[in-house]
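Read through the structure below, which is laid out as structure tokens, and then see the notes.
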Amino acid sequence: MSLVYNNDKPIGKCESYSIDKIPGTTPFVMLTNYEPLRSELNENQQIVLEWLKEQVSIGNDLQYVLWEFTDNVYEEPAEYSVSEQTKAWLELTEQEQFQVLAAFAQWGLEQEED
């Protein structure tokens, strides 16, 4: 899944996209399986949430995903290239971090229902 941006702000995600050009019109974007993002989360929260969801969706065990994420966040930044989701997490307040975890838990519960 890819994040979809409008004016540099994430507004949704899609499986794939293409840009179509029809003579005499301005180009337009075709999105496949578009889902709007949770509007109550800010950009950094959304980056972290999407990474967590992606890791579980590709088959990684929940415990492993959480361990890997926290391990990456708390390693020395000089030892590796800091990922986008790590940077995003470190810029969140504790309350915003709890909101991400709550949204992730809610998403996980919804997956079990399907």
Side-chain angles (χ1 to χ4, degrees):
M1 291 290 228
S2 298
L3 284 176
V4 177
Y5 290 83
N6 184 18
N7 295 325
D8 296 324
K9 293 183 181 179
I11 60 166
K13 61 183 180 174
C14 69
E15 188 174 297
S16 63
Y17 67 92
S18 64
I19 300 174
D20 292 336
K21 297 178 182 179
I22 298 175
T25 67
T26 57
F28 62 95
V29 179
M30 298 288 293
L31 304 175
T32 304
N33 293 333
Y34 174 78
E35 296 176 27
L37 298 179
R38 295 173 168 257
S39 61
E40 66 269 11
L41 298 180
N42 66 37
E43 183 176 359
N44 286 330
Q45 288 174 307
Q46 196 62 51
I47 289 169
V48 174
L49 177 60
E50 291 306 314
W51 184 87
L52 292 168
K53 289 167 40 178
E54 178 184 338
Q55 294 305 304
V56 171
S57 294
I58 62 174
N60 288 324
D61 176 78
L62 174 62
Q63 184 174 350
Y64 174 78
V65 170
L66 295 174
W67 172 83
E68 181 180 334
F69 182 71
T70 54
D71 189 50
N72 288 344
V73 166
Y74 296 107
E75 281 186 9
E76 285 295 318
E79 293 179 21
Y80 68 102
S81 174
V82 179
S83 67
E84 179 184 28
Q85 65 272 7
T86 298
K87 288 178 190 175
W89 179 263
L90 294 173
E91 291 181 13
L92 298 176
T93 66
E94 188 173 84
Q95 182 179 15
E96 290 170 333
Q97 291 173 346
F98 278 119
Q99 290 168 344
V100 170
L101 296 175
F104 181 53
Q106 183 60 44
W107 173 82
L109 292 170
E110 291 168 0
Q111 302 311 299
E112 292 297 318
E113 295 172 359
D114 294 340

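What you see below is based on every heavy atom in this structure, not just the backbone, and it leaves out hydrogens, waters and symmetry mates. Please read these numbers as outputs of a predicted model, since none were measured by experiment.
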- Query: Can you tell me how far the CG atom of Leu101 sits from the CG atom of Leu49, to the nearest 0.5 Å?
  - Reply: 9.5 Å
- Which atoms form the tightest heavy-atom contact between Thr32 and Cys14, and what is the distance? O-CB, 3.4 Å
- Task: Could you check Leu62 against Phe104 for side chain to side chain contact (heavy atoms under 4.5 Å, CB included), going step by step and ending with a plain yes or no?
- Result: CA-CA 11 Å; Leu62 174 62; Phe104 181 53; 3.6 Å; yes
- Side-chain contact, heavy-atom cut-off 4.5 Å: Val4 with Tyr34? yes
- Message: Asn42 and side-chain contact (heavy atoms from CB on, under 4.5 Å): which single residue from Gln46, Glu40, Gln45 fits?
- Response: Gln45
- Query: Is there a chain of hydrophobic side chains (I, L, V, M, F, W, Y, each step under 4.5 Å between heavy atoms) that links Met30 to Ile22?
  - Reply: yes
- Message: Salt bridge check, Glu84 against Lys87: does any charged N sit closer than 4.0 Å to a carboxylate O?
- Response: no
- Query: With distance as the sole criterion, is a donor-acceptor pair present between the side chains of Thr93 and Gln95 under 3.5 Å?
  - Reply: no
- Heavy-atom closest pair, residues Gln85 and Val48: O-CG2, 3.5 Å
- Item | Listed partners of Glu91 passing side chain to side chain donor-acceptor pair (under 3.5 Å), at least two apart | Asn44
- Using 30° and 60° as the class limits, which term best fits the ring planes of Phe69 and Trp89: parallel, tilted or perpendicular? perpendicular
- Item | Shared hydrophobic cluster, Leu90 / Leu92 (ILVMFWY, side-chain heavy atoms < 4.5 Å) | yes
- Query: When clusters are formed from ILVMFWY side-chain contacts under 4.5 Å, directly or step by step, what else is grouped with Tyr64?
  - Reply: Trp67
- Report the C-alpha separation of Lys13 and Glu54 in whole Å, then their side-chain angles, then the decisive distance to 0.1 Å, and conclude whether the side chain to side chain contact (heavy atoms under 4.5 Å, CB included) test is met. CA-CA 12 Å; Lys13 61 183 180 174; Glu54 178 184 338; over 6 Å; no
- Item | Heavy-atom side-chain proximity of Val56 to Trp107 below 4.5 angstrom | yes
